[in-house]
Amino acid sequence: MSYTEVPELPEVETIARGLANAVAGKTIGSVTVTMRKIAVAPEGEVFEQALAGETIAGVGRRGKYVLFQLASGRRLAVHLRMTGRLIVQPVGYSEPYPYTHVRLAFSDGSSLCFADVRQFGRMRLLAADDPWDADGGVEPLSEGFTSEAFLSMLDGRRTPIKTFLLDQTRIAGVGNIYACEALWEAGIRPSRPSHKISRPARRRLHGAIRNVLNRSIEARGTSVDDYVDAEGLKGGFQNQLAVYGRLGEPCSRCGKPIVRTVIGQRGTWWCRGCQK
DNA sequence: CTGAGATCCTGGGGGC
DNA sequence: TGCCCCCAGGATCTCA
């Protein structure tokens, strides 16, 4: 069984860095939208018209969103959800990438396709004065995500720690893979009520979240099957996964078989032997 | 606050 | 080999 990679913070970071190299400075000539629900424009505007003529000043990331900073001061926020892809096509590609729903044609003849088999992803154009800030969670690799801040975030929260880690209004960018991996690294049972976790264990988890995300970014994210990023490169973190998708395999720390349970309606991989 | 369940989608895995 | 069924999964919404 294979598990489709879903872009989380490290994957989105990798994609954004690739796009920054590939499309920053380009000017959008025309925009084609073939699936209306994917492309969201500010109130009273038409997506294609609003975007045409814009120049891409830079590309970054906020949580799991790819953020295109436009020269006018507007932003284009893209969420890839499950199967969304941002594919750069060099000059000469007449056919859009398969499952393309939105295509930005640049004035130099190259283009950017937003493709998405399952149609869950969205491209949202934000007005210059829109205070949009993703879902508001703290960036786990920022200076603001201190150990002390994380420790107190868990106070009084009865929700399972795994569910807490996936809450984008608390911490931005952590998804199923890295929640599982960080909990394994910290030796914490995913179903543990957040407020019952000891201070030392909270500190371990804080470090584990950052460590796992940083290591994955270094490896250019987690790839499964033939996935490649905007530069045509595969990620490598799938080779470092300790528990995610490894049902039945021996835990590299204690040897007990990895199990899969469901927590908060999400598949959760962990080790009964060393996650308490 | 918290959780359960439904919804949106489709490819592909599993069962027969 | 072929076909049908059903599930995964992030975010969001309703309901309890």
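Each chain gets a letter, A, B and so on, in the order its sequence line appears, and its residues count up from 1.
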Exercise for review: Measure up the Tyr178(A) and Phe237(A) rings against each other and bin them: parallel (under 30°), tilted (30 to 60°), perpendicular (over 60°).
Suggested key: tilted
Point to revise | Spacing of Lys64(A) atom NZ relative to dT12(C) atom P, expressed in whole Å | key: 10 Å
Check your understanding: Can you tell me if Thr83(A) and Asp116(A) form a side-chain donor-acceptor pair at under 3.5 Å?
Key -> yes
**Study point:** Rounded distance (Å) that lies between atom P of dG9(C) and atom CG of Asp116(A)
**Key:** 16 Å
Exercise for review: Provide, to the nearest angstrom, the distance between the CG atom belonging to Asp167(A) and the P atom belonging to dT12(C).
Suggested key: 11 Å
Practice item. Check every strand shown and say whether Gly156(A) touches a base, only sugar-phosphate, or nothing at a heavy-atom separation below 4.0 Å. Key: sugar-phosphate
Practice item. Under 4.0 Å between any heavy atoms, over every strand shown, what does Phe164(A) touch: base, sugar-phosphate, or nothing? Just pick one. Key: nothing
Point to revise | Spacing of Leu247(A) atom CG relative to dC7(C) atom P, expressed in whole Å | key: 17 Å
Practice item. Give the C-alpha distance, both sets of side-chain angles, the deciding distance and a yes or no for side chain to side chain contact (heavy atoms under 4.5 Å, CB included) between Ile38(A) and Phe114(A). Key: CA-CA 9 Å; Ile38(A) 301 285; Phe114(A) 177 82; 3.5 Å; yes
Point to revise | Distance below 4.0 Å between His79(A) side-chain N/O and dA11(C) OP1 or OP2 | key: yes
Practice item. Determine: side-chain N/O of Arg260(A) to OP1/OP2 of dA8(C), distance under 4.0 Å, yes or no. Key: yes
**Study point:** Nearest-Å distance for atom pair CH2/P, residues Trp132(A) and dA11(C)
**Key:** 11 Å
Practice item. Between Arg81(A) and Tyr99(A), just flag the one whose closest nucleotide in DNA chain B comes earlier from the 5' side. Key: Arg81(A)
Exercise for review: Return no unless some side-chain N or O of Thr159(A) is found under 4.0 Å from OP1 or OP2 of dG3(B).
Suggested key: yes
Practice item. Look at the aromatic rings of Phe150(A) and His206(A) and report parallel, tilted or perpendicular, splitting at 30° and 60°. Key: tilted
Exercise for review: Flag the pair Leu51(A) / Leu70(A) as yes when at least one side-chain heavy-atom distance between them is below 4.5 Å, and no otherwise.
Suggested key: yes
Study note, to complete from the structure: Atom CZ of Phe120(A) and atom P of dA11(C) are separated, to the nearest Å, by 12 Å
Point to revise | Closest nucleotide among dT10(B), dA4(B), dT2(B) to the Gln265(A) side chain | key: dA4(B)
**Study point:** Short side-chain N/O contact to dT2(B) OP1/OP2 from Arg157(A), under 4.0 Å
**Key:** yes
Exercise for review: Using a 4.0 Å heavy-atom cut-off across all strands, classify Pro160(A) as base, sugar-phosphate, or nothing.
Suggested key: sugar-phosphate
Point to revise | Atom pair distance, as rounded to whole Å: OH in Tyr65(A) and P in dG10(C) | key: 14 Å
Review point. Charged N to carboxylate O under 4.0 angstrom, Glu185(A) versus Arg215(A)?
Key: yes
Practice item. Have a look at Arg266(A) and say if it touches a base, only the backbone sugar-phosphate, or nothing, with a 4.0 Å heavy-atom cut-off. Key: base
Review point. For the side chain of Arg122(A) and the base of dA11(C), is some donor closer than 3.5 Å to an acceptor across the two?
Key: no
Review point. Just to confirm, is there a sub-4.0 Å distance from OP1 or OP2 of dA8(C) to any side-chain nitrogen or oxygen of Tyr244(A)?
Key: no
Exercise for review: Using a heavy-atom cut-off of under 4.0 Å over every strand shown, decide if Gly175(A) touches base, sugar-phosphate, or nothing.
Suggested key: nothing
Study note, to complete from the structure: Trp269(A) CH2 to dA8(C) C1', in whole Å, measures 9 Å
